[in-house]
Participant: 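One structure, as structure tokens, below. Some questions next.
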Amino acid sequence: MDLLNYAFMQRALLAALLVGVTAPAVGTFLVQRRQAIMGDGIGHVALTGVALGFLLQVSPVWTAVAVSVAGAIGMELIRSYGKARGDIALAMLFYGGMSGGVMIIYLAPNGSNANLTTYLFGSISTVSPQDIPPMIALAAFVLLVVLGLRRHLFAVCQDEEFAHVGGLPVRALNLLLAVTAAVTVTVAMRAVGLLLVSALMVIPVAAAQQVTRGFAWTLAVAVAIGVTVALSGTVFSYYVDVPPGSSIVLASMGVFLIFAAAAGRLRAAGWHNGGVRARRPS
């Protein structure tokens, strides 16, 4: 493969691998607790962090991490304490993050909306050598949380009241999951873009649920799908010269359709899919 001769494609494929692992891993828990849209909301808020990076002339990755973590914590607190108007507060947070990013970028030196394009829609081929170390560090944090605390997070996502009775620190685990989702968004923003990152969190999980019985298998298959579509979408974008973010998301949708069709045939043949709720993680 001649693309491996180019340093920028080596970095792009490494970034795709990191995104393909982390996004579905966190997305499995978000889908389990019916918060699939959370990644999209964090992406809106993270845009303000990216713009702050340009304004302060520092790495947008770290400012995006700080702002998206704060936004994710705010979303979780609103979810926990908000009643009838919780959805309104969340909507204000989402749209405020997007408009704040657009406003701040114009205040940055030589700033314009063009600076945000690569973060909104992804530009994995422009990942710089300086981007790789923070992406690896952030991805390692995500995997440490997801794999190390998978039993606890599963219990909280499955039934918060039961987990609380069982002695688990439910509020702390909820906040940790929100922070982990925010970190995942910042890892993935250069690859698929802030507007599409939620798709990579959700679609591989939805595809895996078509053919798996237990939570652990759903997590494993979702990550495998994520890695496959992230790498194949990146390679496809190199040869066809199309945006990598959309290629990755469309590839994941294609996998979902294939898995859904296969699951339909299996059910017609008498196979029963117990679903993600059937078993606890191993």
Side-chain angles (χ1 to χ4, degrees), residues 18 21-46 48-49 61-94 96-97 134-189 197-198 201-202 205 214-216 218-220 222-223 276-277 279-282:
L18 296 174
V21 171
T22 55
V26 174
T28 303
F29 295 95
L30 297 182
V31 170
Q32 176 73 7
R33 67 185 304 176
R34 295 180 174 85
Q35 287 186 313
I37 202 66
M38 186 176 186
D40 187 51
I42 295 174
H44 283 69
V45 176
T48 295
V61 173
W62 295 118
T63 51
V65 168
V67 173
S68 59
V69 164
I73 292 174
M75 286 182 232
E76 177 56 32
L77 293 177
I78 291 172
R79 186 194 70 84
S80 299
Y81 297 108
K83 302 298 182 183
R85 297 191 177 275
D87 57 338
I88 297 177
L90 287 173
M92 292 177 64
L93 190 63
F94 295 172
M135 289 184 70
I136 293 176
L138 294 172
F141 167 79
V142 170
L143 293 178
L144 183 64
V145 171
V146 168
L147 298 180
L149 297 175
R150 66 187 185 280
R151 292 178 179 271
H152 299 78
L153 292 174
F154 173 84
V156 171
C157 294
Q158 181 83 346
D159 190 332
E160 286 192 9
E161 293 184 3
F162 181 80
H164 182 74
V165 172
L168 293 178
V170 173
R171 183 172 301 172
L173 288 170
N174 281 333
L175 290 173
L176 180 60
L177 181 60
V179 169
T180 306
V183 171
T184 303
V185 168
T186 58
V187 171
M189 66 183 179
V197 63
S198 184
M201 285 182 167
V202 174
V205 181
F215 184 88
T218 298
L219 176 61
V223 169
V276 69
R277 294 179 179 271
R279 300 176 184 172
R280 292 186 177 276
S282 57

Participant: Measure across Val61 and Pro134 and return the closest heavy-atom pair with its distance rounded to 0.1 Å.
Facilitator: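 For Val61 versus Pro134, the nearest heavy atoms are CG1-CB, 4.2 Å.
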Participant: Return the set of residues passing side-chain contact (heavy atoms from CB on, under 4.5 Å) with Ala220 (not counting sequence neighbours), or none when no residue passes.
Facilitator: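 Partners of Ala220 by the side-chain contact (heavy atoms from CB on, under 4.5 Å) criterion come out as none, since no residue qualifies.
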Participant: Could you note down all residue pairs passing side chain to side chain donor-acceptor pair (under 3.5 Å) where residues 166-186 supplies at least one of them, sequence neighbours left out?
Facilitator: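 Passing the test, one end in residues 166-186: Arg33-Asn174, Tyr81-Arg171, Glu160-Asn174.
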Participant: Looking only at heavy atoms, which two atoms of Met135 and Val187 are closest? And how far apart?
Facilitator: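 The answer is CE-O, 3.2 Å.
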Participant: Under the rule for side-chain contact (heavy atoms from CB on, under 4.5 Å), what residues qualify as partners of Val205, not counting sequence neighbours?
Facilitator: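 So Val205 forms a side-chain contact (heavy atoms from CB on, under 4.5 Å) with Thr28, Val31, Gln209, Thr218, Ala222.
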Participant: Looking only at heavy atoms, which two atoms of Thr48 and Gly96 are closest? And how far apart?
Facilitator: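 So the two residues come closest at OG1-O, 4.3 Å.
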Participant: Roughly how far, to the nearest 0.5 Å, is the CD atom of Gln32 from the CG atom of Leu219?
Facilitator: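 Rounded to the nearest 0.5 Å, the CG-CD separation comes to 11.0 Å.
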Participant: Please give me the minimum heavy-atom distance between Phe154 and Phe29, naming the atom from each residue.
Facilitator: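 Minimum heavy-atom separation between Phe154 and Phe29: N-CE2, 3.8 Å.
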Participant: Compare all side-chain heavy atoms of Leu168 with those of Phe162 and state whether any distance is below 4.5 angstrom.
Facilitator: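 Contact flag for Leu168/Phe162 side chains = no.
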Participant: Just jot down the side-chain contact (heavy atoms from CB on, under 4.5 Å) partners of Ala72, sequence neighbours excluded, or say none.
Facilitator: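 Partners of Ala72 by the side-chain contact (heavy atoms from CB on, under 4.5 Å) criterion, ordered by chain and then number, come out as Met38, Ile42, Ala178, Ala182.
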Participant: Pairs of donor and acceptor atoms involving the side chains of residues 63-71, under 3.5 Å and at least two apart or interchain, shall be tabulated with distances.
Facilitator:
from: Thr63; atom 1: OG1; to: Gly49; atom 2: O; distance (Å): 2.6
from: Thr63; atom 1: OG1; to: Gly53; atom 2: N; distance (Å): 3.3
from: Thr63; atom 1: OG1; to: Pro60; atom 2: O; distance (Å): 3.1
from: Ser68; atom 1: OG; to: Ala64; atom 2: O; distance (Å): 2.6
from: Ser68; atom 1: OG; to: Val65; atom 2: O; distance (Å): 3.2

Participant: Please output the side-chain donor-acceptor pairs of residues 142-149 that fall under 3.5 Å, not counting sequence neighbours, one pair per line with the distance.
Facilitator:
none

